[in-house]
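Written out below as structure tokens is the structure these notes cover.
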Amino acid sequence: MPELPEVETIVRGLSPLLKGKKVRDFFFLSSHLWFRQPSSLKPDDYRAKVIRSIRRRGKMVIFEFEEGLGLLVHLKMTGQLYLAEKHLPVDKHTHARMTFSDFNRELRFRDVRKFGFLSCLQLKEIEKKLNSELGPEPLQIDFPVFRRLLQRHGQKRIKGWLLDQKILAGIGNIYSDEILFGAGFHPERKAASLSELEAKRLFRVMKKVLKRAIELKGSSVSDYVDSQGEKGGYQREHQVYDREGELCRRCRKATIRRQRICGRSSFYCPKCQV
DNA sequence: AGCCCATCCTGTCCGC
DNA sequence: TGCGGACAGGATGGGC
């Protein structure tokens, strides 16, 4: 599932290649993608527009075109956004394509489970939506703000706290489990139960895990590939995620437990995480 | 405020 | 070897 490190990797891959390129054609291949998402613009409106920038906010990708046009993309669990040679055939899971007049590859949106979306909106509308739906970026936040957020939502369990996009934007099921293992906290600990020192540890580990995952171009579980169709490498460093029944890599005594917490499969070491 | 559940969707896996 | 059912999960919305 593309979370912050995966989406960051995609954006870093797309940005240098697509910045300044002019759209030739943009079209949806699946009607569900068009009808399920509110849009104020039509795909045809993007014709001949130049891409000014591509950026990430939380788990979302934002394309900025000239004249205030924007495109908001969320990959949810199985979405893919990548560049492909135009002549390569599209399969039934490819739902949108964008071609360029000055680039020999095309941008494709593919999503097996159809949870992801593209939203054709003005940049101003996108900004408004992001500001109302997302909390701050985990890699930009400073410790005092982080601590305040822990206290403000203190009754939440720490796993649900990390997963809540309104509190912090970009962390999903894989990284919440890896961060909690790294910091040594049981996923059901209440956010407000962390002492100042413990909060600092969580803060530090959160940044370390996310940065390392970006270095390795994300975790390839499920369908994740980057903008060039390549897999990431961070899954090789997973300590707990999807390791149920395996030996804990830290204590070498307990085995990793899997438990449904906050509506998600949660993996943790019962000995190392308290 | 926060928890739980259902919903969207389809490929995969398990048991018979 | 095949079939049916359970399961996975990001975000949302409803009910408690």
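Proteins come first, then strands; the chains are lettered A, B, ... in the order of their sequence lines, and each starts at number 1.
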| request: Take the angle between the ring planes of A/His74 and A/Phe117 and call it parallel below 30°, perpendicular above 60°, tilted in between. | output: tilted

| task | Consider the side chain of A/Lys59, meaning its heavy atoms from C-beta on, and name the nucleotide among B/dC8, C/dA8, C/dA11 that approaches it most closely. | result | C/dA11

| query | Are A/Arg260 and C/dA8 close enough that a side-chain N or O sits under 4.0 Å from OP1 or OP2? | reply | yes

| Considering residues, nucleotides and ligands other than A/Lys49, do more than 12 of their heavy atoms fall under 6.0 Å from its NZ? | yes

| note | By nearest-heavy-atom nucleotide on DNA chain B, the more 5' of A/Val112 and A/His153 is A/His153

| said: Counting only side-chain heavy atoms from C-beta out, which of B/dC4, C/dT12, C/dA8 sits nearest to A/Arg157? | reply: B/dC4

| query | Is the shortest side-chain N/O distance from A/His32 to OP1 or OP2 of B/dC9 below 4.0 Å? | reply | no

| said: Which residues pass the side chain to side chain donor-acceptor pair (under 3.5 Å) test with A/Asp111, not counting sequence neighbours? | reply: A/Thr78

| request: Specify the separation, in whole Å, of atom OH of A/Tyr224 and atom C1' of C/dG9. | output: 18 Å

| said: Report for the helix from B/dG2-C/dC16 to B/dC16-C/dG2: angle between first-end and last-end helix axes, five pairs each, rounded to 10 degrees. | reply: 50°

| task | Round to the nearest Å and state the distance from A/Ile171 atom CD1 to C/dG10 atom P. | result | 13 Å

| Interatomic distance where CD1 belongs to A/Ile261 and C1' belongs to B/dC5 [whole Å] | 17 Å

| request: Compare every heavy atom of A/Arg12 with every heavy atom of A/Ile214, then report the nearest pair and how far apart it is. | output: CG2-NH1, 3.5 Å

| remark: Side-chain contact check for A/Arg113: nearest option of B/dC3, B/dC9, C/dA11 is B/dC9

| A/Phe115 CZ to C/dA8 P: how many Å, rounded? | 13 Å

| Is there a side-chain polar atom (N or O) of A/Gln165 under 4.0 Å from OP1 or OP2 of C/dG10? | no

| query | Which listed nucleotide (B/dG2, C/dG9, B/dT10) is nearest to the side chain of A/Gln155? | reply | B/dG2

| Which class fits the ring pair A/Trp161 and A/Phe146: parallel under 30°, tilted 30 to 60°, perpendicular over 60°? | perpendicular

| query | How about A/Leu88: does its CG atom have over 12 heavy atoms from other parts shown lying under 6.0 Å from it? | reply | yes

| query | Just how far, in rounded Å, is P of C/dG10 from CG of A/Asp177? | reply | 10 Å

| request: Assign A/Phe267 to base, sugar-phosphate, or nothing according to its heavy-atom contacts below 4.0 angstrom with the strands shown. | output: nothing

| remark: Against the side chain of A/Lys114, the closest entry in C/dA8, B/dC9, B/dG2 is B/dC9

| Aromatic contact, A/Phe28 with A/Phe26 (centres under 6.0 Å) | yes

| said: Checking A/Arg57 against A/Glu137 for the salt bridge (charged side-chain N to carboxylate O under 4.0 Å, His left out) test, could you report, in this order, the C-alpha distance in whole Å, the side-chain angles of both residues, the deciding distance, and whether it holds? | reply: CA-CA 7 Å; A/Arg57 179 77 172 86; A/Glu137 286 291 320; 3.0 Å; yes

| With respect to A/Arg52, which candidate in A/Glu64, A/Glu66, A/Glu67 satisfies the salt bridge (charged side-chain N to carboxylate O under 4.0 Å, His left out) definition? | A/Glu66

| message | Distance check needed: B/dC4 P versus A/Leu163 CG, whole Å only. | response | 13 Å

| Touch class at under 4.0 angstrom, heavy-atom based, for A/Lys92 against every strand present | sugar-phosphate

| request: Could you tell me the separation between the CD1 atom of A/Ile174 and the P atom of C/dA8, rounded to a whole number of Å? | output: 14 Å

| query | Expressed in angstrom and rounded to an integer, what is the separation of A/Leu134 atom CG from C/dG10 atom P? | reply | 15 Å

| field | Nucleotide of B/dC9, B/dG2, C/dA11 approaching A/Lys156 most closely (side-chain heavy atoms) | value | B/dG2

| task | Indicate whether OP1 or OP2 belonging to C/dA11 is found under 4.0 Å from a side-chain N or O atom of A/His74. | result | yes

| message | Just N and O in the side chain of A/Tyr241: are any of them under 4.0 Å from OP1 or OP2 of C/dG9? | response | yes

| Closest to side chain of A/Ser265, choosing from C/dA11, C/dA8, C/dG10 | C/dA8

| A/Arg110 side chain N/O closer than 4.0 Å to the phosphate oxygens (OP1, OP2) of B/dT10? | no

